[in-house]
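Structure record follows, encoded as structure tokens.
So you know, we letter chains A, B, ... as the sequences are listed, proteins then strands, and number each from 1.
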Amino acid sequence: MPLKNNNSNYRDRPTVIKLKNISKSFRVREQANDSVRDKVMNLFNSNQLITYDALVDINLEIKKGEFFGIIGHNGSGKSTLLNIIMGSIIPNKGGIVETEGKIIRLALGMGFDPGLSARENIYVNASILGLTFKEIGERFDEIISFAELEKFVDTPVKFYSSGMRSRLTFAIAVHAEADIFLMDEFFGGVGDKSFREKSEAIFEESFIKGRTIVHVNHNMHLIKKHCDRVLLLHGGKQIIVGPPNEVIEAYDEIYKEKSSS
Amino acid sequence: MNKSFLSKIIPYIPTNNRVERIWKLAKIDFKKRYYNSYLGLFWALLNPIMKIAIYYIVFTVIFPSDIENFAFYIFVGFLFWMGFTEGTNKSFALLRSKKYLIENIQLNKIDLYLSSVLSIMFGFAFNLVAFILFSNISGLFTSWYILWLPLIVLNLTLLLLGSCLILSSLKVFVKDIDMVWTIVLLAGFWATPIFHDSVRLFEVAPWMKWVNPMAGIIVNARDALMYNRTPDLTLLGYDFIFGLVLIFLGLISLKKYGVYAIEKQ
């Protein structure tokens with residue numbers, strides 16, 4: 001069963017992610033210069049700065065309940081863009097990021113303190129997403145059984161396989177009711193068939209609840225299947241935003257140019 | 001204008017869920033520090049006591065001191081000083097060690113600092129209780145003046161929080177600030193009346209009271225814990241303001257420099 005929103009009712013919904021004039025340049029030095037020693041040594045020759053533009057002038061509005069895809073080749077700025085939406089990286093001056101709701105980023109095997117057990121990680125993460133400990137306690141068994149980790153509740157996460165970690169991340173995100181999911185090559189790669197079916201069912205339900213999903217993936221099949229709109233990034237620039245078919249065409253063209261040159 | 005003022009204040013007022021979270025993070029932090037060792041939690045107590053024992057032996061056998069109740073004198077000084085050094089040294093790794101949270105979930109970074117300071121204060125409280133126990137057993141009785149103690153401990157907490165905010169934000173841009181800090185702490189160790197006489201220190205360098213807030217805190221703590229008298233209120237007030245100013249500067253530096261923690265690593 002296709003997951004996609006058949007109607008475009010998301011258009012009338014409120015904007016939950018608004019990016020305006022977002023650029024990000026990283027300044028890279030040829031030599032490391034962040035220690036006191038280096039600063040003193042390099043006091044008089046300071047022109048070894050290389051500026052690298054990871055993102056150039058991105059303008060974007062994502063609506064509530066939208067399934068939004070981001071595609072692009074390696075190094076095109078996809079992850080930087082997710083970090084900017086998350087707030088963990090600050091855009092250059094003049095860029096405005098406005099988000100509404102609780103955001104969680106789902107990436108393979110990330111988001112946990114490896115030294116802590118699943119129990120502690122669940123409490124920390126779900127609490128940041130806004131649940132009280134009482135609410136977490138009530139949902140705890142549900143989270144564990146969804147992630148299929150009944151036997152490993154008190155095992156430190158460092159002993160988990162990457163599949164187990166991803167299931168746990170996903171279970172927390174769903175049960176703590178995050179509003180915006182930033183999925184960094186996450187969906188489609190997680191778990192066996194039965195878990196995938198389970199999570200697809202959850203996604204279907206999510207649309208009704210108006211959850212927003214921003215989805216970075218190289219798998220064009222998945223992008224075509226799920227996304228309402230897609231953004232194509234190339235060299236940090238916003239090439240096109242639109243329905244999946246159009247955008248994937250543009251992506252393929254760039255790929256052809258790249259491989260022929 | 002009223003509204004914008006409120007919206008600026010609101011993120012700093014802890015909600016129920018936030019208090020729980022900070023407490024939990026502090027507990028986890030504390031547990032992690034002592035978890036995998038053989039003696040476990042006992043280290044939280046054993047470590048300072050062993051250090052105090054060494055200093056005590058040095059300063060009774062090799063350089064005899066004429067301070068009364070010298071063991072307890074060092075105990076108080078050391079307790080507060082160790083709280084401060086441990087807390088600030090820990091702060092350098094704070095943003096990095098919590099990268100997994102900052103990158104994947106939106107949280108208020110101040111929570112991380114509050115919980116980190118709180119976890120230091122757990123260990124501190126352990127030792128404080130031990131001090132009160134030992135001193136009363138050996139005949140140095142505590143009195144009602146101990147009621148000043150919460151204020152003095154709060155004073156230390158504010159100072160620690162402010163220092164952690166500033167140091168960890170600077171660490172983002174100046175990687176070897178921790179090396180510099182080691183030297184500052186060493187100087188501070190001798191500029192604070194931990195095992196030498198505070199009266200003598202302030203005679204030689206009266207300005208030290210105002211430059212080094214730890215000196216004032218330790219002098220006040222001894223008044224409340226050992227000498228059964230009211231602490232120097234001017235000094236207490238001054239050190240409170242000192243702590244609050246550091247926190248204010250710390251919040252600014254977190255906003256200005258700390259936000260680059262992820263991309264600079």
Exercise. Are side-chain heavy atoms of Leu94(B) and Cys164(B) found at a separation under 4.5 Å?
Worked result: no
What option among [options] has the most heavy-atom pairs under 4.5 Å with chain B?
options                                  : value
Thr99(A), Ile128(A), Ile104(A), Asn83(A) : Ile128(A)
Ile103(A), Leu129(A), Leu131(A)          : Ile103(A)
Ser127(A), Gly87(A), Gly130(A)           : Ser127(A)
Leu82(A), Asp113(A), Ile90(A)            : Asp113(A)

Where does the angle between the aromatic ring planes of [X] and [Y] fall among parallel (under 30°), tilted (30 to 60°) and perpendicular (over 60°)?
X        : Y         : value
Phe78(B) : Phe189(B) : perpendicular
Phe67(A) : His226(A) : parallel
Phe84(B) : Trp81(B)  : tilted

Exercise. For chain A, which of Lys98(B), Lys27(B), Gln106(B) has the most heavy-atom pairs under 4.5 Å?
Worked result: Gln106(B)
Problem set entry | From Leu182(A), Ile58(A), Ile89(A), residue fulfilling side-chain contact (heavy atoms from CB on, under 4.5 Å) relative to Leu81(A) | Ile58(A)
Report which part of [X] has an atom under 4.5 Å of a heavy atom belonging to chain A: side chain, backbone, both, or neither.
X         : value
Leu101(B) : side chain
Ile28(B)  : side chain
Ile105(B) : both

Which answer fits [X], side chain, backbone, both or neither, if we ask what part of it has an atom under 4.5 Å from a heavy atom of chain B?
X         : result
Tyr123(A) : side chain
Leu116(A) : side chain
Thr80(A)  : neither
Ile136(A) : neither

Exercise. Which distance, rounded to the nearest 0.5 Å, do you find between the CD1 of Ile122(A) and the CZ of Arg139(A)?
Worked result: 12.5 Å
For this session: For atom CD of Glu138(A), decide whether the heavy atoms of other residues, nucleotides or ligands shown that lie under 6.0 angstrom number more than 12.
Result: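 Yes, because the 6.0 Å sphere around CD of Glu138(A) holds more than 12 heavy atoms from other groups.
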Exercise. Do the numbers put Lys24(A) on top of the ring of Phe26(A), so that NZ or CZ is under 6.0 Å from the six-membered ring centre and no more than 45° off the axis?
Worked result: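 Yes; both conditions hold, so Lys24(A) lies above the ring face of Phe26(A).
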